[in-house]
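Just so it is clear, the values below take in all heavy atoms, side chains as well, and ignore hydrogens, waters and symmetry mates.
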There are 2 protein chains.
Amino acid sequence: MAAEIRSPRARYREQTRAEIKEIALRHMAEGGAQGVALTRIAKEVGLSGPALYRYFSSRDDLLNDLVRDAYDDVAAAVGRVGADAQAGPRLALRALGGAYLDWAVAQPHRYLLIQGSPVPGYAAPPDTAQRARAVMGPFVKVFAQGEATGAVRPVVAEMEGWVRKDPAVADWLHAYTGLAADDAHAGTALAGTVLAWSQLHGTASLEVSGQYSGMGHQAGTLLNAQLDMLAEAFGLR
Amino acid sequence: MAAEIRSPRARYREQTRAEIKEIALRHMAEGGAQGVALTRIAKEVGLSGPALYRYFSSRDDLLNDLVRDAYDDVAAAVGRVGADAQAGPRLALRALGGAYLDWAVAQPHRYLLIQGSPVPGYAAPPDTAQRARAVMGPFVKVFAQGEATGAVRPVVAEMEGWVRKDPAVADWLHAYTGLAADDAHAGTALAGTVLAWSQLHGTASLEVSGQYSGMGHQAGTLLNAQLDMLAEAFGLR
DNA sequence: ACTACTTCGTTAGGCATCGTAACTCTCGAG
DNA sequence: CTCGAGAGTTACGATGCCTAACGAAGTAGT
């Protein structure tokens, strides 16, 4: 958004990078993350092998970029829904979860890329945690309106410790809720979010990797049941 | 267990296969599934490259074997706990979940191997579904004692359809509970199991792939909270 | 407009990896 | 004791990642 025009060279560079990523995504869609081979991409973009290294310093660098994009993309999908949460927290939770799951189902390979199960040799980029938090941000906002009950309490306690120790988390919490790290609702908001994250990931992951295939599976049904249990436990209506 | 003695040649063969798998596991522990390179294994076992193809027809074949072993191993770990479920279904559920999670945490690479996020090119072996069911068997038994309430009902309805369509599932259900496919509790048992599976997988997966790192994470706390919610929804005590 | 510098791209090559082919050697079953 | 199956070997080919060394083209300063 910042620099629109730039030098023609830089423009061309950006364009080529985008084209490479686009092709990489297509290859990934048919053949998994391992199907992303620099040589093939190069051929398709009309370059010869090593030329790609002008645009990405390594294969992992390219994959990292795809990971970043994917995170941003889910975050956007979830955030879009999060904006109009007028119907009460319970329904908002369903909507958010639905958006997450829908994204995962629509883009299985990208979800697999994100979901931690690392491709070959590669270690997740360091800013992963931050981007993951961005995805879950709207959930924090929802759970900040809750009150933890029963079995969920121990989780809240742990989260209170967490938010006090990790300033990045405190910032995150504050950005989406306005709450301070030592607020009474801080732990609740985080606990709900992490629990929701875990459930989302479980359901999305099994669905995407095809483990539900065979059952007349509606992953959405599963997820809704889980999120409703969560809403119950956090007194969300 | 069947043939103990066999011909010396077959004995040697089995022994070598086992040694190869053992080394492969060690390599996987340090370097992920992609760290399993035939050449290196061969060198370590004292053979030269292509000799390994006498024992495994391809790299995927080897990995498939590791996957199978891993499934059997989790199933054993979970089943061991499932045996002595005297303390009531709720605690049994916790114990089962704990065993699953503990196994995953103790053997992260093997869990990652299983959990669907496929290594490079490779497709899961066909008997995967059956082995996965074996892991979850004890859960079916627990949830067969439950009564679905509230938000979980729609899942039950879907599962009833599933068990009627898929004979393998009906067999599975019957083997662990004695229930018939059209029994009133069939759907309940399956619904609870699948929900539990999803939660287990979500928590274990995030934990194993290190996404919880930083928070004073006790994955067990998370899991217990989730399983308790489930127990609540299914009226387990 | 001319020169100097940066960027882009090429070919050649190194290295690791999976996997096949063709050939030898050694067991062990009959 | 023989001879065939199984175990191993070396040689080779195909990909794939990546570096090195060089040439071509655009960019910028004067």
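K43(B) places its NZ atom 8 Å from the P atom of dT17(C), with the value rounded to the nearest Å. The distance from atom CG of D61(A) to atom C1' of dC18(D) is 13 Å, rounded to the nearest whole Å. The nearest whole Å value for the distance from the CD atom in E14(B) to the P atom in dG6(D) is 14 Å.
Heavy-atom minimum distance, A168(A) versus R133(A): CB-NH2, 3.5 Å. The two residues R110(B) and D73(B) have their closest heavy-atom pair at NH1-OD2, 2.8 Å.
Of the side-chain N and O atoms in R13(A), none sit less than 4.0 angstrom from OP1 or OP2 of dT7(C). Proximity of T39(B) to the phosphate of dC18(C): a side-chain N or O atom is located under 4.0 Å from OP1 or OP2.
The residue Y55(B) sits close only to the backbone: its heavy atoms come under 4.0 Å of sugar-phosphate atoms, none of a base. Across all strands, Y53(B) comes closer than 4.0 Å to base atoms (heavy-atom distances). Counting non-hydrogen atoms under 4.0 angstrom, S58(A) reaches the backbone sugars and phosphates but no base.
Counting only distance, with no hydrogens or angles, the side chain of T203(B) and the backbone of Q199(B) share a donor-acceptor pair below 3.5 Å. Without hydrogens or angle criteria, R131(A) side chain to V67(A) main chain gives no donor-acceptor distance under 3.5 Å. Of the possible polar contacts, one joining the D61(B) side chain to the S57(B) backbone as a donor-acceptor pair under 3.5 Å is found. Without hydrogens or angle criteria, R13(A) side chain to R54(A) main chain gives a donor-acceptor distance under 3.5 Å.
Side-chain contact between Y71(A) and Q130(A): absent, with no pair of heavy atoms (C-beta onward) separated by less than 4.5 Å. At a threshold of 4.5 Å between non-hydrogen side-chain atoms, the residues L93(A) and F143(A) count as touching.
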Set out, line by line, the N/O atom pairs under 3.5 Å between protein and nucleotides 27-30 of chain C.
from	atom 1	to	atom 2	distance (Å)
dC27(C)	O2	R9(B)	NH1	3.3

For nucleotides 9-11 of chain D, give me every protein contact, N/O to N/O, under 3.5 Å, one pair per line with atom names.
from	atom 1	to	atom 2	distance (Å)
dT9(D)	OP2	S48(B)	N	2.9

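To the nearest 0.5 angstrom, D166(B) atom CG is 9.0 Å from M215(A) atom CE. If you take OG on S209(A) and CD on Q115(A), they are separated by 6.5 Å, rounding to the nearest 0.5 Å.
Taking only side-chain atoms of A37(A), from C-beta outward, the nucleotide of dG19(C), dC17(D), dG8(D) with the closest atom is dC17(D). Distances were taken from every side-chain heavy atom of R59(A) (C-beta onward) to each of dA7(D), dC18(D), dC18(C); the shortest belongs to dC18(D). Comparing atom distances between the R40(A) side chain and each of dG16(D), dG8(D), dC17(D) picks out dG16(D) as nearest.
Fit an axis to the five pairs at each end of the helix from dA1(C)-dT30(D) to dG30(C)-dC1(D) and the two axes sit 10° apart, to the nearest 10 degrees.
The aromatic rings of H201(B) and H201(A) sit parallel, their planes meeting at an angle under 30°, below the 60° perpendicular limit.
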